[in-house]
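Whatever order the structure lists them in is the order used to number ligands and atoms, beginning at 1.
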Amino acid sequence: MTEFTMDDLMFRPGLMKGQRILITGGGTGLGKVMAEACLMLGADVYIWGRRGNVIEDAAKELMDAHGGKCVGMACDIRVPEAIHDAMDEIWSGGALTGLVNNAAGNFISRTEDLSPRGFDAIANIVFRGSFFVTLDAGKRWLAEGKPASVVSILTTWVWHGGPFTVPSAMSKAGLNVMTQSLAVEWGNRGVRFNAIAPGPFPTEGMSARLNPGGSGRPEGPADPMIPLGRNGEMRELANLAVYLLHPLSAYVNGQTIAIDGGSHLAGGGGFARLASWGDKEWEEARNAIRATNEKDRAQRTV
Ligand code: HXC
Ligand code: NAP
């Protein structure tokens with residue numbers, strides 16, 4: 001299902017014409033709605049994910065609804081060689097003008113229950129994978145002297161920590177520092193870096209792993225700690241992403257912008273409340289999350 005009509009976007013038709021945007025994890029959730037907004041505004045859009053059917057169906061669905069060019073590519077960002085090959089394919093039609101580091105893995109867990117492989121399962125996607133994608137595109141932009149905008153999708157945990165989601169919080173914090181560092185290092189060559197820290201925007205991927213069995217963070221009624229009293233709307237996030245990707249926001253560099261209804265300022269946005277869970281609740285959560293992981297893994301084509 002697609003999300004938007006032009007009434008959901010705050011920009012003029014054709015705004016993104018000539019832009020070439022790669023969105024990792026663009027076949028589902030937040031990545032898909034950012035892809036939709038860019039496509040509707042005239043950009044050529046490339047979306048990556050490991051489940052070939054999911055990514056191809058998403059590209060087709062978006063083009064059927066809005067026209068334009070959206071290319072779904074099966075690519076695992078944990079594999080630098082796969083990134084390089086997929087990037088070669090994109091670059092054969094011209095340089096990207098923008099990259100959205102959106103792909104991620106996450107699940108709630110007591111940190112003492114994590115194995116090294118459990119930590120790696122998240123850090124290899126979020127921390128290492130996002131850097132590998134950025135590096136591969138970055139080298140090409142610098143070599144060709146081409147300007148570009150990189151937007152990384154983080155969380156507000158980069159400022160206040162993420163109890164029960166420690167590998168994710170650590171990895172996103174690393175990307176926050178990447179954003180600040182490369183904004184300075186590559187800014188004078190036209191490649192700028194910003195980030196978005198969303199509050200809760202309920203998606204299937206997020207709910208299954210952070211709210212397994214409906215027990216963690218409620219998807220229905222919003223967290224009472226959110227000052228605006230509601231979850232985020234997809235169009236709110238998509239408009240912010242388009243702004244940061246467009247050349248007219250060029251003087252914004254090195255910033256991480258929260259879009260969370262003010263939640264992190266009011267002490268919300270994390271899972272501290274799960275401290276009240278005992279062994280039984282954690283076992284149920286773990287089983288539910290693993291069932292989702294297995295289902296998704298069975299669909300992977302790379
Ligand atoms: C403890 C767990 C676990 C759990 C998995 N593991 N689930 N440990 N509690 N609930 C451990 C496994 O036991 C195993 O370690 C290791 O992790 C690897 O598990 P696999 O299932 O083999 O991993 P893999 O197939 O690589 O899958 C990666 C994944 C999966 C990250 C675990 O969830 C995934 O692919 N996710 C992609 C989509 C996603 O997560 N989207 C949510 C984004 S939402 P052992 O040692 O046992 O072998 C988000 C929101 C943030 O980020 C902000 C909200 C406000
Ligand atoms: P989602 O639908 O599960 O999105 C994650 C996407 O990443 C999936 O499409 C997944 O597809 C892809 N992916 C995972 N590992 C990959 C890999 N190794 N290579 C390529 N693609 C990979 O969850 P979401 O809620 O939309 O989350 C999107 C982003 O927003 C994430 O960065 C998340 O941390 C962030 N975020 C979300 C929220 C929220 O409330 N939803 C809040 C704060 C931040 P495959 O499994 O097919 O590869």
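Using a 4.0 Å cut-off between heavy atoms, Arg50 contacts ligand 1 through its side chain alone, with no backbone atom that close. Of all the heavy atoms of Asn106, the ones lying under 4.0 Å from any atom of ligand 1 are found in both the backbone and the side chain. With a 4.0 Å heavy-atom cut-off, ligand 1 is reached by no atom of Thr203. Contacts of Glu294 with ligand 1, taken as heavy-atom pairs under 4.0 Å, are absent altogether. Looking at Arg297 against ligand 1, only its side chain comes within 4.0 Å, counting heavy atoms.
Within ligand 2, the atoms closer than 4.0 Å to a non-hydrogen atom of Asp76 are 17 (C), 18 (N), 19 (N), numbered from 1 in the order shown. Listed by atom number, the atoms of ligand 2 under 4.0 Å from Thr155 heavy atoms are 43 (C), 44 (C). Shown in contact with Arg78 at under 4.0 Å from a heavy atom are these atoms of ligand 1, numbered in order with element: 26 (O). Atoms of ligand 2 lying under 4.0 Å from any heavy atom of Pro200, numbered from 1 in the order shown and given with element: 40 (O). Every atom of ligand 2 is numbered from 1 in the order shown, and the set under 4.0 Å from a heavy atom of Asn102 is 28 (C), 29 (C), 30 (O), 31 (C), 32 (O). The distance from ligand 2 to the heavy atoms of Gly49 drops below 4.0 Å at these ligand atoms: 20 (C), 21 (N), 48 (O). Residue Leu210 approaches ligand 1 through these ligand atoms, each under 4.0 Å from one of its heavy atoms: 50 (C), 51 (C), 54 (C). Close contacts between ligand 2 and Gly25 involve ligand atoms 6 (C), 7 (O), 9 (O), 12 (C) [criterion: under 4.0 Å to a heavy atom]. Remark: ligand 1 atoms within the under-4.0 Å shell around heavy atoms of Phe107 are 1 (C), 2 (C), 3 (C), 4 (C), 5 (C), 6 (N), 7 (N), 8 (N), 9 (N), 10 (N), 32 (C). Close contacts of ligand 1 with Ala121, meaning ligand atoms under 4.0 Å from a residue heavy atom, involve 18 (C), 31 (C). Those atoms of ligand 2 with a heavy atom of Gly29 less than 4.0 angstrom away are 2 (O), 26 (O). Ligand-side atoms of ligand 2 in range of Gly199: 40 (O), 42 (C), range being under 4.0 angstrom from any heavy atom.
No heavy atom of Gly105 sits closer than 4.0 Å to any atom of ligand 2. Heavy-atom distances between Gly26 and ligand 2 stay at or above 4.0 Å for every pair.
In this structure, Thr2 and His66 have side chains that are in contact, with non-hydrogen atoms separated by less than 4.5 Å.
Between the choices Arg209, Glu204, Lys172, Arg78, the shortest heavy-atom distance to atom 33 (C) of ligand 2 belongs to Lys172. Closest to atom 38 (C) of ligand 1 by heavy atom, among Gly269, Ala104, Ser109, Gly25, is Ala104.
At a threshold of 4.0 Å, the pair Glu284-Lys280 counts as salt-bridged, since one of the basic side-chain nitrogens sits closer than that to a carboxylate oxygen. Salt bridge absent: Asp44 and Lys17 never bring a charged side-chain N and a carboxylate O closer than 4.0 Å. Salt bridge Asp296/Arg300: absent, no basic N to carboxylate O contact under 4.0 Å. Between Arg273 and Asp223 there is a salt bridge, with a side-chain nitrogen of the basic residue lying less than 4.0 Å from a carboxylate oxygen of the acidic one.
The single protein non-hydrogen atom nearest to atom 43 (C) of ligand 2 is Pro198 O, 3.3 Å, given as residue, atom name and distance. Taking atom 35 (C) of ligand 2 as the reference point, the nearest protein heavy-atom neighbour is Ile153 CG2, 3.7 Å. Looking from atom 10 (C) of ligand 2 to the surrounding protein, the closest heavy atom is Arg51 NH2, 4.1 Å. Regarding atom 19 (N) of ligand 2, its nearest protein heavy-atom neighbour is Ile77 N, 3.0 Å. Of all protein heavy atoms, the one lying nearest to atom 13 (N) of ligand 2 is Ala103 CB, 3.7 Å. In terms of protein heavy atoms, atom 39 (C) of ligand 2 is closest to Phe201 O, 3.5 Å. Nearest protein heavy-atom neighbour of atom 26 (O) of ligand 2: Leu30 N, 2.9 Å. Among all protein heavy atoms, the one lying closest to atom 1 (P) of ligand 2 is Thr28 OG1, 3.5 Å.
Put simply, the side chain of Ser152 never gets that close to the backbone of Asn101: no donor and acceptor are under 3.5 Å apart.
Looking at Trp282, Phe164, Phe271 one by one, the single match for ring-ring contact (aromatic ring centres under 6.0 Å, His included) with Trp277 turns out to be Trp282.
Cation-pi check for Arg189 over Trp141 is not met; the charged atom does not lie both under 6.0 angstrom from the ring centroid and within 45 degrees of its normal.
Few gaps surround CZ on Arg110; more than 12 heavy atoms of other groups in view lie less than 6.0 Å from it.
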